[in-house]
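Step one of this worksheet: look at the structure below.
Only heavy atoms go into these numbers, but all of them, side chains included; no hydrogens, no water, no symmetry mates. In what follows, chains are A, B, ... by sequence order, proteins preceding strands, each numbered from 1.
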Amino acid sequence: MSGPHLSEQEVIRREALAELRNLGIDPYPPEAFPISHTPKEILSQFKDEEAEHWTEVSIAGRLMSRRIQGKASFAVLMDSGTRIQLYFNRDEICPGEDKTLYNTVFKKLLDLGDIIGVKGFVFRTRVGEITVHVTSFTLLAKSLRPLPMVKTDAEGNTYDAFSDPELRHRMRYVDMLVNDGVKDTFILRSRIISSMRRFFDSKGWLEVETPVLQAIHGGAAARPFTTHHNSLDMPLYLRIANELYLKRLLVGGLNGVYEIGKMFRNEGMDRTHNPEFTSMEIYVAYQDYHWMMTMTEQLLENIAKEVLGSTQVEFDGKTLEFKGPYKRISLFDSILEATGVDISQMDEQALREQCKAWHIEVSPEMGRGKLIDEIFGEKVEASLIQPTFITDYPLIMTPLAKKHRNKEGLVERFELFINGKEVANAYSELNDPIDQRQRFQDQLELANRGDEDAMALDEDFLRALEYGMPPASGLGIGIDRLVMMLTGHRSIQEVLFFPQMRPQKDA
RNA sequence: GAAUCCUUAGCUCAGUUGGCUAGAGCACAACACUUUUAAUGUUGGGGUCCUGGGUUCGAGCCCCAGAGGAUUCACCA
């Protein structure tokens, strides 16, 4: 399990484990350890003038540091990220002649990282620190590996942080324990998602679950992970999107549905891409993408207020403002604004020449839509720091969106950009089954021309549309990226507990 | 997939032009210490220098191959 070679410190801890058993102490006792307070409650609620109410507390946590001074000791116990100081006194722990419990068990056989429970009273030390004066302690779980020792001084400077990204991500449990703030990000992540749920639920929209294993990987342009069902003896794909299933539910009469869940895309990994990622997709009947922009503003503003207590987030020295309304500008206008060039009327050849003039690398198989996308990515995207809606995309890039009500060749689509990254994508959803079939067929042609990502045709989805889908607007939000924006992280790995990594040689 | 950089003690890091027994801080062990808080003092132990080849009298260091990681690019929500 733990490899052939134990380090010196691991050997010593195993010896301590055996010695504890010799003394009749179970290092992993089965009994519950009832807790009266958390360290956080003690630190926030204790008042010196009410010390008589704090004579019997029972707390538990991990031993994070120890300062032994002969017959007395100070230690730090951490639980749920909050550290509280403990005071041990030999003659109070061991009132009789036998001082084993203090001299041997506490001083020699306990190690940093052990999980212990203590009972005692709360007081304030000379130096002013709220401290639990321990009258008895119980080992709850022995730790057999030394934790990285991260120290922080009075000014808040951190020394010897556990900083190797590989180790931090492979051993997130250690990262969370010893690096302050890591756990906070994940708590915020959880609150962001629950705030989003509350917002949707308060509108009466229904949270649903749709298949992760799909026979046809529709709804987005990406390569899938492939698996195999043994008894059906058929290939199945991990979903790259759930859009087509949620729309079937609109057909089925659910007028507001959303799903928060994992999507899987077999593509490259980098600072903003992980092979599995969390998306939120919502569809609301009888609405269009203009309505959806307003709803998105309200949603994000509400989350920021609820979770962060402010609509402003510091990011890399910039201040992101989540209070709506956000700037709304069409894709072509955003390019015009950034470059002074209007490309909206250019054909494929003209776009190609424009790319050349701007030194944007393009390949021959790129069509008009792809060229426009390249230009946008090169000239505009990175400059969209504040939340900005980019609207009205070329039809060819967007096979599931409704044609624009008055702009030829475009669809009713918007993407939300924050800090130069796409965070959300939404349409007025295409519900014309004849048009939808044609769009799928256009995709098939792209596929025949060698586009690996072209969307597959889903006959059952078309059948559903033929029964009639109410007009609707749909929105997808990349939860991981949204969390990055709201927590100020530049890497997706910092908002995923367990980002994808290559396997370790030997665990 | 490509380029560049990185990998030395449990953790964070030094390591000279290729030279004798590979160092530091924290952590660990022993001793001392009854209000400390990056506790302190004295002493000590701890290494597959990522792996495998090669060059050399001699490799942590140079060369080749591989593994893992980071960054950038490509691909991509």
Side-chain angles (χ1 to χ4, degrees), chain A residues 3-13 15-16 64-76 83-93 102 107-108 111-113 123-129 131 133 143-171 174-175 178-179 219-223 240-241 263-279 281 361 363 373 377 415 417 421-425 452-453 476-481 490-493 499 501-506:
Chain A
H5 300 292
L6 292 180
S7 70
E8 182 191 35
Q9 294 195 44
E10 288 173 293
V11 170
I12 287 166
R13 285 179 182 231
E15 288 168 358
M64 294 303 281
S65 81
R66 243 182 340 173
R67 296 177 288 280
I68 294 173
Q69 298 163 69
K71 299 182 186 67
S73 301
F74 288 92
V76 171
R83 294 152 200 267
I84 190 165
Q85 182 168 259
L86 307 178
Y87 175 74
F88 290 80
N89 182 302
R90 186 193 69 180
D91 295 329
E92 295 177 55
I93 300 289
Y102 180 80
K107 279 169 66 173
K108 296 196 190 303
D111 290 294
L112 298 189
F123 76 111
R124 193 183 290 272
T125 63
R126 271 181 215 165
V127 202
E129 180 153 351
T131 300
H133 187 126
S143 165
L144 294 181
R145 290 176 183 255
L147 285 171
M149 293 304 300
V150 180
K151 297 212 167 190
T152 308
D153 68 14
E155 280 82 46
N157 302 310
T158 299
Y159 301 84
D160 299 334
F162 179 53
S163 56
D164 182 331
E166 179 172 2
L167 293 178
R168 287 185 52 227
H169 297 148
R170 286 196 197 283
M171 300 194 292
V174 173
D175 186 33
V178 304
N179 287 333
R223 283 176 292 173
I240 57 174
M263 304 297 154
F264 307 85
R265 298 190 181 178
N266 208 338
E267 308 281 358
M269 298 161 55
D270 62 26
R271 244 187 17 229
T272 55
H273 296 84
N274 195 64
E276 61 180 282
F277 63 98
T278 302
S279 93
E281 290 259 332
E361 277 187 45
S363 50
D373 196 36
E415 295 189 309
F417 288 84
K421 292 283 181 309
E422 184 202 335
V423 170
N425 182 24
E452 268 190 276
D453 292 335
I477 295 180
I479 295 291
D480 310 293
R481 291 189 183 177
R490 305 222 313 273
S491 163
I492 197 170
Q493 298 179 313
M501 302 193 86
R502 286 191 164 88
Q504 222 167 350
K505 269 179 292 186
D506 34 41

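A salt bridge between Glu10(A) and Arg145(A) is present, with a side-chain N of the basic residue lying under 4.0 Å from a carboxylate O of the acidic one.
One atom, CZ of Arg168(A), and another, P of U12(B), lie 11 Å apart when rounded to the nearest Å. We find that NE2 of His273(A) is positioned 15 Å from C1' of U72(B), with the value rounded to whole Å.
Within 3.5 Å, no donor on the side chain of Ser163(A) pairs with an acceptor on the base of U12(B), nor the reverse. Within 3.5 Å, a donor on the side chain of Arg67(A) pairs with an acceptor on the base of U36(B), or the reverse. With hydrogens and angles left out, the side chain of Glu129(A) and the base of U37(B) share a donor-acceptor pair within 3.5 Å.
An OP1 or OP2 oxygen of C31(B) is reached within less than 4.0 angstrom by a side-chain nitrogen or oxygen of Lys108(A). Residue Lys151(A) places at least one side-chain N or O under 4.0 Å from the OP1 or OP2 atom of A39(B). Here Lys71(A) reaches the OP1 or OP2 of U34(B): one of its side-chain N or O atoms lies under 4.0 Å away.
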Report all interatomic pairs (protein N or O, nucleotide N or O of nucleotides 22-24 of chain B) with separations under 3.5 Å.
none

Polar pairs (N or O, both sides) under 3.5 Å between protein and nucleotides 43-45 of chain B?
{"residue": "G45(B)", "atom": "O2'", "partner": "Glu8(A)", "partner atom": "OE2", "Å": "2.9"}
{"residue": "G45(B)", "atom": "N2", "partner": "Glu8(A)", "partner atom": "OE1", "Å": "2.2"}
{"residue": "G45(B)", "atom": "N3", "partner": "Glu8(A)", "partner atom": "OE1", "Å": "3.0"}
{"residue": "G45(B)", "atom": "N3", "partner": "Glu8(A)", "partner atom": "OE2", "Å": "3.3"}

Extract from the structure each pairing of a protein N or O with an N or O of nucleotides 69-71 of chain B at less than 3.5 Å, listing the distance.
{"residue": "G69(B)", "atom": "OP1", "partner": "Arg502(A)", "partner atom": "N", "Å": "2.9"}
{"residue": "G69(B)", "atom": "OP2", "partner": "Arg502(A)", "partner atom": "NH1", "Å": "3.3"}
{"residue": "G69(B)", "atom": "O4'", "partner": "Glu166(A)", "partner atom": "OE1", "Å": "3.1"}
{"residue": "A70(B)", "atom": "OP1", "partner": "Gln493(A)", "partner atom": "OE1", "Å": "3.2"}
{"residue": "A70(B)", "atom": "OP1", "partner": "Gln493(A)", "partner atom": "NE2", "Å": "3.1"}

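Aromatic stacking of Phe74(A) on A39(B): not satisfied for centres closer than 5.5 Å together with planes under 30 degrees.
Among the atoms of the strands shown, only primed sugar atoms or phosphate atoms (P, OP1, OP2) are found under 4.0 Å from some heavy atom of Ser7(A).
Counting only heavy atoms from C-beta on, Met149(A) has its side chain closest to A27(B) among A27(B), A29(B), U12(B). Closest to the Asp270(A) side chain, of the nucleotides C33(B), C75(B), G10(B), is C75(B).
Of the nucleotides present, C73(B) is the one that pairs with G1(B) by Watson-Crick or G-U wobble criteria, both distances under 3.5 Å.
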